[in-house]
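Okay, so here's the structure we're looking at.
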2 protein chains.
Amino acid sequence: MRIESRIYEETQKLKLAVDCIIFGFNDNRLELLLIHRGFEPEKGKWSLIGGFIGNDEDLDEAANRVLYNLSGLQNIYMEQVRTWGKANRDTSGRVISTTYSAMILKSEYDEEKVSAYNTKWFPIDELPELVFDHRDMVESAIRRLRRRVRNFPIAFNLLPQKFTLPQLQMLYEGILNETIDKRNFRRKVFQMKFLVKLDEKDMSESRKGAYFYYFDEALYNKEQNFNL
Amino acid sequence: MRIESRIYEETQKLKLAVDCIIFGFNDNRLELLLIHRGFEPEKGKWSLIGGFIGNDEDLDEAANRVLYNLSGLQNIYMEQVRTWGKANRDTSGRVISTTYSAMILKSEYDEEKVSAYNTKWFPIDELPELVFDHRDMVESAIRRLRRRVRNFPIAFNLLPQKFTLPQLQMLYEGILNETIDKRNFRRKVFQMKFLVKLDEKDMSESRKGAYFYYFDEALYNKEQNFNL
DNA sequence: GCAAAAGTGTTAAAACTACACCCATGA
DNA sequence: TCATGGGTGTAGTTTTAACACTTTTGC
């Protein structure tokens, strides 16, 4: 029974890759960081940031190394999404790929980096043609993000440390692609105890100004109930 | 930048496996089907049903083939759980493994099969020592199962086609490891429209007898709201 | 007739939805 | 002073949670 497995053990000829789905938020829209593919096959198309895993490297580490090498992004917390293993998904050979996703502050990944690395931000409803099955990967990651963003305090990664409630609400509206009632949203936010109000206002978006808040992780860890 | 990836493309030396987490239900407890490991390393311990993926085989197909070869189970619907990629997780070499999980009717996988394939059912809170990181895999799959069983009609796979509501409730209590109020449970079940009552009673568990029901997938597909 | 499991309703609390006006400020 | 976005409360509805007795039947 196991002999069959042993055969594969000797002869397996496939490669394992990671692909990173990097979300940002800009102009009230969810965006994705893509990279221009400069080699065949599918040269010239856009692609997720991906590469092959090293022999002695944890899968999670590989995702971080690849991301760093190809985009300059460092110390990014990524979560595994799923593994894509159709036999013919990559036309250059047998490649299985595990996707990871992360949310970053777009303002920290600026024009300079973007041009140095041949990357570009795209709003998620204006994606260019992607290589292989990267489109499916992206859609799967977006679905996962929409599910998780309601139950875990992960969306704050897309905002600066100090943010206003109107900003937060627009972020949720952008991610979920739906409008949310302002008063209900604020009530829910306040019921959870981990947003701390500052005495300082953001005067850049309105005459009146909106108070800044920050997310207090220690407070969140006490209760860990999150529901938006 | 991409050159580095190219190097890996030439020299990558790792193997990709699948491991199957097979759930059953018996004696009001959730059980797991494990296989006795008959080879080194870790010979003699218990293990998930796993094997290596073929060069031209979809990852999903590999899971099914491996499951069939090692257990005789066929045409089982499995869902991918996640991929385990710590560099040193398998002491026999670099192996990355993707886990799949399935729920089957234990009565259809009988004593005969169990002894023919060196497998055995274990209640999930009485698992033996498992090889490598299989324990983590199991725990992750159980967490996922508990999440999904509330929102999708997947638990019916663990019951015969015709089942009673007391049976269904005990199944949920077993999976979730909590007690559920009988009246609230029944109300919720009836609010969803896809359980069809039969005129026939199961007289084997009580004097009074409990009506049989079956899950009507077509009815479920009309609404697809599920919440237990 | 009694033991054992199946079946059945109501009430209070909590969560959710919809909705409209005043406030603070810079121009 | 007015235009703009920030901020606030209430009422109706729905969902959830807690809880106890009657029914059926084989023995």
Side-chain angles (χ1 to χ4, degrees), chain A residues 25-29 146-147 149-152 159-160 162-174 176-214 223-228, chain B residues 25 27-29 146-147 149-151 159-160 162-174 176-214 223-228:
Chain A
F25 191 69
N26 185 243
D27 214 4
N28 296 337
R29 293 201 289 183
R146 288 186 173 148
R147 238 183 301 124
V149 86
R150 293 172 184 273
N151 296 304
F152 301 94
L159 294 177
K162 297 191 299 189
F163 53 85
T164 67
L165 293 190
Q167 271 184 300
L168 184 64
Q169 179 171 348
M170 286 189 299
L171 174 62
Y172 268 84
E173 291 180 334
L176 298 173
N177 195 28
E178 59 190 36
T179 61
I180 301 174
D181 180 271
K182 187 172 29 163
R183 282 175 286 192
N184 294 339
F185 181 78
R186 295 172 80 101
R187 180 177 28 254
K188 270 190 164 181
V189 166
F190 291 135
Q191 274 168 5
M192 302 177 267
K193 309 291 193 183
F194 41 78
L195 285 200
V196 181
K197 187 177 184 172
L198 297 175
D199 259 344
E200 189 188 351
K201 278 185 167 186
D202 170 19
M203 300 306 289
S204 69
E205 299 291 317
S206 72
R207 307 256 154 83
K208 182 174 179 178
Y211 281 104
F212 279 119
Y213 290 77
Y214 68 90
E223 310 246 344
Q224 291 205 220
N225 69 321
F226 191 98
N227 176 277
L228 272 183
Chain B
F25 192 69
D27 215 3
N28 296 336
R29 293 201 288 183
R146 287 185 174 149
R147 238 182 302 123
V149 84
R150 293 171 185 274
N151 296 305
L159 294 177
K162 296 190 300 188
F163 53 86
T164 68
L165 294 190
Q167 271 183 300
L168 185 64
Q169 180 172 345
M170 286 189 299
L171 174 62
Y172 268 84
E173 291 181 334
L176 298 173
N177 196 28
E178 58 189 37
T179 60
I180 302 173
D181 180 271
K182 186 170 33 161
R183 283 174 286 192
N184 293 340
F185 181 79
R186 295 171 79 100
R187 181 176 30 254
K188 269 191 165 179
V189 166
F190 290 135
Q191 272 168 6
M192 303 177 267
K193 308 291 193 184
F194 42 77
L195 284 201
V196 181
K197 187 178 185 172
L198 297 174
D199 259 343
E200 189 187 350
K201 276 187 168 184
D202 170 18
M203 301 306 289
S204 69
E205 298 292 317
S206 72
R207 306 257 153 81
K208 182 174 179 180
Y211 282 104
F212 278 119
Y213 290 76
Y214 68 90
E223 310 245 346
Q224 293 206 218
N225 69 320
F226 190 97
N227 175 279
L228 270 183

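Chain A is the first sequence line, chain B the second, and so forth, proteins listed ahead of strands; every chain is numbered from 1.
- Cation-pi geometry between Lys162(B) and Phe212(B) is satisfied (NZ or CZ under 6.0 Å from the ring centre, within 45° of the ring normal).
- Atom CE in Met192(A) sits roughly 12 Å away from atom P in dA15(C) (whole-Å rounding).
- Formation of a donor-acceptor pair under 3.5 Å by the Glu173(A) side chain with backbone atoms of Met170(A) is not found in this model.
- Atom-to-atom, CD of Gln169(B) to P of dT8(C) comes out at 13 Å; the value is rounded to the nearest Å.
- With sequence neighbours left out, the side-chain contact (heavy atoms from CB on, under 4.5 Å) criterion links Lys193(A) to no other residue.
- Using a 4.0 Å cut-off between a side-chain N of Lys or Arg and a carboxylate O of Asp or Glu, Arg150(B) and Glu178(B) qualify as a salt bridge.
- Straight-line distance from the OH atom of Tyr213(B) to the P atom of dG7(C): 6 Å, rounded to whole Å.
- One N or O on the side chain of Gln169(A) and one on the backbone of Ile180(A) form a donor-acceptor pair closer than 3.5 Å.
- Not one N or O on the side chain of Asp27(A) forms a donor-acceptor pair closer than 3.5 Å with the backbone of Arg29(A).
- Remark: C1' of dG7(C) and CZ of Phe212(B) are 16 Å apart, rounded to the nearest angstrom.
- In this structure, the side chain of Tyr172(A) does not engage the main chain of Thr179(A) through any donor-acceptor pair within 3.5 Å.
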Can you name the atoms? Protein N/O to nucleotides 12-15 of chain D N/O, anything below 3.5 Å, with the distance.
none

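- Within a 6.0 Å radius of OH in Tyr211(A), other residues, nucleotides and ligands contribute 12 heavy atoms or fewer.
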Tell me, for nucleotides 18-27 of chain C in 5' to 3' order, what letter each nucleotide earns: B for a base near a protein heavy atom under 4.0 Å, S for only sugar-phosphate near one, - for neither?
BBB--BBBB-

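- In this structure, the CZ atom of Arg186(B) is 18 Å from the P atom of dA17(D), given to the nearest Å.
- Look at CZ on Phe185(B): it is 14 Å from P on dT16(D), rounded to the nearest Å.
- Taking atom CD1 on Ile180(B) and atom C1' on dC19(D), their separation rounds to 17 Å, with Å as the unit.
- Of the possible donor and acceptor atoms, none in the side chain of Lys188(B) sits under 3.5 Å from a partner among the backbone N and O of Arg183(B).
- Between Asn28(A) atom CG and dG5(D) atom P there is a gap of 12 Å when expressed in whole angstrom units.
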